[in-house]
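Accompanying notes for the structure given below.
We're numbering straight along the sequence, starting at 1. Computed from a prediction, not measured in an experiment: that's the story for all the values here.
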Amino acid sequence: SKTKEEIDKLTPKPKLDIRWKVSLDKYTGLNRAMMSSMGILKQFWNNKADIIHEALHTSPDTLFLDSDIFILDEINDIADVLGGKRLPKGHSLTKQKTSFPYIRVTNFQNNTINQENLQFIDKKTHEVIKKYTISSNDLYISIAGSIGKVGVIPSNLNGANLTENSAKICNMEIEKKFLNYQLNAPLCQQQILKLITSTNQGKLALFRIKEINILMSSINEQKRIVSKIEELFSKIDSTKQSLEQTKLQLEQYRYSLLRS
């Protein structure tokens, strides 16, 4: 299937116990719109549901790479991509806090927004570029400079203005976090790199973003995958914290030995 081909391209290959369900291969190359027009979309969902039920019965800890991930869509099929806006000539940013934060690529950190060095614009500037904002329901993606950074917008920055060096992915027919994790994963980051190098330009065009292939699944499966990923991240954070605490205790013990 196309999903298998895409995952096989990853370097290095992920160390996963991957099991392919060939019973859905007949849907390869068909997106949701095509299957709907052919009258087989419901059949596809039913077949997929049977496979998921069987897999979970065998192994409750299964993380599906193909749960409609059997369908490879483009971002254009499930969302809109809109650009930000540069400051008008004669207008400038200020560190003084106003009601109009202006998000720059330098604020894009750890898949969210670093607000420590956040800058602002005044009301007059905002009125000129007020159409170019981003909401907490959207994802950002950098398109110049450090290209390919993707993340979510905190609720307190809902409606902030967005730099011209980035775009927003909005009006999504997909779980936001599910798309966020995908776009930060090698499968999509490698596509972004190819899109940049193939054009010999230092910028990622909006229409190129729309062409990025993503893996789709039902909304319930998307939420299950997100939950599993965040559970694993939580375990990693807990382990890091435990290691740091152990390191501190060892340093304190070493210090006490030196003093004795």
Heavy-atom side-chain proximity of [X] to [Y] below 4.5 angstrom:
X: Asp122; Y: Thr94; answer: no
X: Val152; Y: Leu139; answer: yes
X: Asn213; Y: Glu74; answer: yes
X: Lys228; Y: Glu231; answer: yes

### Task
Run through the side-chain heavy atoms of Ile, Leu, Val, Met, Phe, Trp and Tyr, join any pair under 4.5 Å, and report what else lands in Leu93's cluster.
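Grouped by the 4.5 Å side-chain rule, Leu87, Phe100, Tyr102, Ile121, Val128, Ile129, Tyr132 form the rest of the cluster around Leu93.
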
Please enumerate all residues that pass side chain to side chain donor-acceptor pair (under 3.5 Å) together with [X], with sequence neighbours excluded.
X: Ser142; result: none
X: Glu127; result: Lys130
X: Asp80; result: Asn171

Checklist entry - Residues two or more places apart in sequence or in another chain: which of them pass salt bridge (charged side-chain N to carboxylate O under 4.0 Å, His left out) with Lys131? => result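 None.
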
(Q) Hydrophobic cluster membership, with links at side-chain heavy-atom distances under 4.5 Å among I/L/V/M/F/W/Y: are Val105 and Ile143 in one? (A)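 Different clusters.
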
If Ile, Leu, Val, Met, Phe, Trp and Tyr residues are connected whenever their side-chain heavy atoms lie under 4.5 Å apart, and connections chain through other members, are Leu82 and Ile141 in the same group?
->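 No; Ile141 is not reachable from Leu82 via cluster members.
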
- Item | Contact list for residues 206-225, test ring-ring contact (aromatic ring centres under 6.0 Å, His included), sequence neighbours left out |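 Counting only pairs at least two positions apart or across chains, no ring-ring contact (aromatic ring centres under 6.0 Å, His included) contact touches residues 206-225.
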
Applying side-chain contact (heavy atoms from CB on, under 4.5 Å), can you list everything that pairs with [X], at least two apart in sequence or on another chain?
X: Ala79; value: Ile75, Ile169, Met172
X: Ala185; value: none
X: Ile113; value: Ile103, Asn107, Phe108, Gln115, Tyr140, Ile153, Pro154, Leu157

Pairs in or reaching into residues 85-105: which pass salt bridge (Lys or Arg N to Asp or Glu O under 4.0 Å), with residues at least two apart or in two chains?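 Listed once each, the pairs are Arg86-Glu164.
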
Item checked: Qualifying salt bridge (Lys or Arg N to Asp or Glu O under 4.0 Å) pairs, either residue in residues 133-158, two or more places apart ->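 As it turns out, there is no salt bridge (Lys or Arg N to Asp or Glu O under 4.0 Å) pair with a partner in residues 133-158 once direct neighbours are skipped.
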
Derivation and outcome, side-chain hydrogen bond (donor to acceptor under 3.5 Å, both in side chains), residues Ser155 and Asn158: CA-CA 5 Å; Ser155 58; Asn158 183 55; over 6 Å; no

Could you list the donor-acceptor pairs under 3.5 angstrom formed by side chains in residues 174-181, with sequence neighbours left out?
residue : atom : partner : partner atom : Å
Lys176  : NZ   : Ser136  : O            : 2.6
Lys177  : NZ   : Glu230  : OE2          : 3.3
Asn180  : OD1  : Asn184  : ND2          : 3.0
Tyr181  : OH   : Glu230  : OE2          : 3.2

